[in-house]
Number of protein chains: 2
Amino acid sequence: MKRGQLATRTGCNIETIRYYEKVGLLPDPPRTEKGYRVYEHKHEQTLRFIIRSRELGFTIEQIRGLLSLVDGGDYTCTEIRDQTEAHLAAVRDRIVDLKKLEATLVETVAACNGGNTPNCPVVDALTKEI
Amino acid sequence: MKRGQLATRTGCNIETIRYYEKVGLLPDPPRTEKGYRVYEHKHEQTLRFIIRSRELGFTIEQIRGLLSLVDGGDYTCTEIRDQTEAHLAAVRDRIVDLKKLEATLVETVAACNGGNTPNCPVVDALTKEI
DNA sequence: CTTGAGCCTGTACTTGCTACAGACTTTATA
DNA sequence: TATAAAGTCTGTAGCAAGTACAGGCTCAAG
């Protein structure tokens, strides 16, 4: 299968496949005589793993770690779970941050009288420190 | 006041000040004979506005919009509030996304037996589509 | 046999900064 | 006053994580 087909099958942008190869997530595929990349089922599996991990918010570096564990074949369930849990904690932190931000924005908007005057408490709020 | 002092007073990275000037958020300050930037109180106010807006998650482009309204002097409370509300909606969307992600990660981790075997449901989950 | 689609490479662009290098100026210390 | 240290100047390169070309080949269909 060539690059375009792999892109279609996985829903991945065709250029992104090349990018994942460049940064070492996706192994260099064999080539035809004329230099065309030829992908096997294994590549598709790995690419799906990468795409899914990205959707779950893992960084490229984290995925590199996960892949080396998995591809090494000697990973343990505990190792993978630990990394996933660490990531879960990071996601939860981010949610907490965003909720604080949400509260601040709600407060800011609530302070607005909604009039047509150039006297806006939102602007005032923006110039204040936290 | 010179750039370093403005950085210290606002807590902004010194290079970031130059960056905000480059992208047109912070007006070009007057210079000394030898070319050193000289900032007035107005610059500090604007910089604080930018910093605060960034903390609230506004993009550079959005801040450019807010500043042009504010600096134009003819903004209305409604205009500013509308933009802030739009941003609030975006923040809420992001929270919803992250919560979905959190649920998926919790589910994934829960599927793990925590053993020392190389048989990991997390890895399986990662290769599946959504 | 020609046309268009697909693939190849390298490079530039994005966002929001941050971090240098190398030259210059200002300030503090001996 | 001389010199050292700290500050500032410019331009440029780097980060994540892709995306989007340009210009050249190659492959398949009509």
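Residue numbers begin at 1 in each chain, while the letters A, B, ... track the order of the sequences.
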Using atom [atom1] of [X] as one end and atom [atom2] of [N] as the other, report the distance to the nearest whole Å.
X	N	atom1	atom2	answer
B:Gln62	C:dT15	CD	C1'	12 Å
A:Ile17	C:dC8	CD1	C1'	14 Å
A:Met1	C:dC7	CE	C1'	16 Å
B:Arg3	C:dC24	CZ	C1'	14 Å
A:Glu15	C:dA12	CD	P	15 Å
A:Tyr19	C:dT9	OH	C1'	18 Å
A:Glu21	C:dC8	CD	C1'	12 Å
A:Leu6	C:dC8	CG	C1'	16 Å

*If only side-chain N and O atoms of B:Arg18 are considered, is one of them under 4.0 Å from the OP1 or OP2 phosphate oxygen of C:dT18?*
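For C:dT18, neither OP1 nor OP2 has a side-chain N or O of B:Arg18 closer than 4.0 Å.
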*Residue-level proximity of residues 29-41 of chain B to DNA chain D when a heavy atom falls under 4.0 Å*: B:Arg31, B:Gly35, B:Tyr36, B:Arg37
*Can you name the closest pair of heavy atoms from A:Ile50 and A:Ile63 and give their distance?*
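Scanning both residues, the minimum pair turns out to be O-CD1, 3.9 Å.
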*Which comes earlier along DNA chain C counting from the 5' end, the contact point of B:Lys2 or that of B:Ile60, where each point is its nearest nucleotide?*
B:Ile60
*Where do A:Glu102 and A:Lys99 land on the salt bridge (charged side-chain N to carboxylate O under 4.0 Å, His left out) test, with the steps shown first?*
CA-CA 5 Å; A:Glu102 185 196 8; A:Lys99 282 193 165 178; over 6 Å; no
Tell me if a side-chain donor or acceptor on [X] pairs with a main-chain N or O of [Y] at a distance below 3.5 Å.
X	Y	answer
A:Thr16	A:Cys12	no
B:Arg3	B:Ile14	yes
B:Arg54	B:Phe58	yes
B:Thr59	B:Gln62	yes

*Under 4.5 Å between side-chain heavy atoms, hopping through other hydrophobics if needed: is there a path connecting A:Leu6 to A:Val38?*
no
*Looking at side-chain heavy atoms only, is the closest gap between B:Arg9 and B:Met1 below 4.5 Å?*
yes
*May I ask you to say whether B:Glu21 pairs ionically with B:Arg18, meaning some side-chain N is under 4.0 Å from a carboxylate O?*
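So B:Glu21 does not pair with B:Arg18 through a salt bridge.
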_What range of DNA chain D does chain A touch, first nucleotide to last, counting atoms under 4.0 Å from its heavy atoms?_
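Result: D:dA17 to D:dC27.
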